[in-house]
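Counting starts at 1 for both ligands and their atoms, in listed order.
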Amino acid sequence: MLLRSRRAVLPDGERPADVLVRDGRIERVAPHGTLDAPAGPVVDLGATALLPGLVDTHVHVNEPGRTEWEGFDSATRAAAAGGVTTLVDMPLNSVPPTTTPAGLAAKRRAAEGRVRVDTGFWGGAVPGNTAELEPLHRAGVFGFKGFLSPSGVEEFPHLEPADLEEALAELARLGALALVHAEDPAVLDAAPQRPGRRYRDFLASRPDGAETAAVARLLDAARRTGARVHVLHVSSAAVLPLLAAARADGVRVTAETCPHYLCLAAEEVPDGDTAFKCCPPIRDEANRDRLWAALAAGEFAAVVSDHSPCTADLKQRGSGDFAAAWGGVASLQLGLPAVWTEARRRGHTLADVVRWMSAGPAALAGLDAKGAIAPGRDADLVAFDPDAALRVDPAALHHRNPVTPYAGRTLTGAVRATWLRGRPVEPDGEPLGRLLDRPGTPGTPRAAGPDPEGRAR
Ligand SMILES: [Zn+2]
């Protein structure tokens, strides 16, 4: 296949290009109009942009166990429609959680043959599972997520300081990445708790200080153990100086933020609209500007969705009580147009968005075949019309539950087509996604390793 676009986003920037794809990989990238048509199809995108597929390393699929919240079929349909060609699934909200090799096997069984984009798995670090970390690591998880405050589900308890220290020491020994939800439980407990429909009350219940206290504690533990740590979903810009100082001091720390922190602000959240509830929360406009400045300065390794849906019921769509509602924003299908809308308004380019949402998260997860339009990489590609107006109709999304804070908004940019390893992802076509092991997993490719489950891998 030959793809031709006047706006191809390549590692060194945006320019007109021809992209030759063979056997699922990018074979050549050449100036626009210079490659001869191969035996296969030629797709001329004109002025529609050609991007590397997005890599979303923060997705809660919730299957098995809470498939009514989101499942592999619905999540990966939404991903493909939103230009995401690789996702890495979070270890909690499914039952069982991915905190043991059996939990990982259950995930793989649920996902096998049903994913429309390539899918990998994070493991989980919880109190008492330190002995499971090495077998999970050897089984191919990309790294391990832990919480410093209650996660919201009882089967995934948070790490007390001693648990964190123990987990990080083991992950440092394994050379595995630690992902951390950083809010401090003592600060949360001390904050005013006023349930109800007022967003301002919810915001006051999760102050900036909860993030800074937790990040400070995490950085101390990372410094002592030598573990490589990644701060998930940074909402408060107050943590940025802590991260910069630790980095300057040699601590191996990266951080991500999410489309909702970049595109939405507390001032515009309607009281009772629990679609906006997430933890940590969407903060004020001034904070949002500081997140953008940090993003522009290269302080974030990735912008990823933290797609964490639930049923409309648990989202308290009836009562609008922020305290009672499940915390999580559903945006897997909308991350690209949401971020592009705001990025463009602020003078950023498509190449910036690709760095934040494709190359960055691919590097974070060690996915060296993803994240760029370059020879040898997987031909995971997206045709994106950067000028289209996209009115968000929740009912038209592939998310299992049609609840999103972007409902009714008009975003800029629309995904026109998605290719996975050179093949178009069709909504009703056969699922083409593969289950990914962390590159470098002992025994990969999978066929070479013994399968404890006795099933074809
Ligand atoms: Zn999450």
Side-chain angles (χ1 to χ4, degrees), residues 54-63 65-66 69-72 75 78-79 84 86-95 97-99 103 107 119-126 141-159 177-183 185 188 206 210-211 214-215 218 229-236 239 254-262 264 274-282 300-310 314-315 325-335 338 357 361 364-365 399-401 403-405:
L54 269 53
V55 176
D56 192 340
T57 52
H58 197 150
V59 180
H60 294 265
V61 175
N62 306 328
E63 183 174 6
R66 289 197 180 90
W69 294 14
E70 192 70 281
F72 286 104
V84 174
T86 303
L87 66 81
V88 189
D89 172 54
M90 279 295 170
L92 73 157
N93 304 346
S94 56
V95 183
T98 318
T99 50
K107 276 279 187 191
T119 301
F121 302 94
W122 298 111
V126 294
V141 299
F142 282 72
F144 294 86
K145 178 182 192 176
F147 276 73
L148 302 187
S149 56
S151 73
V153 293
E154 63 182 15
E155 69 278 0
F156 201 97
H158 69 280
L159 301 167
L177 176 65
L179 313 177
V180 179
H181 178 121
E183 288 184 287
L188 294 177
R206 321 255 344 170
E211 286 188 72
V215 166
L218 172 66
V229 299
H230 176 74
V231 182
L232 298 163
H233 47 53
V234 170
S235 145
S236 170
V239 308
T254 52
E256 69 186 34
T257 190
C258 307
H260 38 279
Y261 302 129
L262 295 168
L264 306 171
T274 52
F276 289 82
K277 178 180 175 179
C278 55
C279 300
I282 294 164
F300 285 111
V303 175
V304 288
S305 70
D306 192 8
H307 178 73
S308 186
C310 64
L314 289 170
K315 204 62 178 153
W326 172 256
V329 166
S331 67
L332 182 53
Q333 192 172 336
L334 296 171
M357 304 187 81
L364 175 73
H399 304 160
R400 173 151 301 191
N401 290 284
V403 177
T404 166

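Put simply, the residue from His60, His307, Arg400 that forms a side chain to side chain donor-acceptor pair (under 3.5 Å) with Glu70 is His307.
Around the Zn ion (ligand 1), the protein contributes the following N, O or S atoms under 2.8 Å, ordered by chain and number: His58 NE2, His60 NE2, Asp306 OD1.
A side-chain donor-acceptor contact under 3.5 Å links Ser151 to the backbone of Phe156. Under the 3.5 Å distance criterion, the side-chain polar atoms of His399 are matched with a main-chain donor or acceptor of Gln333. Not one N or O on the side chain of Glu155 forms a donor-acceptor pair closer than 3.5 Å with the backbone of Pro97.
For Phe147 and His181, the gap between ring centers is short of 6.0 Å.
Contact between Gly335 and Pro259 at its shortest, heavy atoms only, is CA-CG, 4.1 Å.
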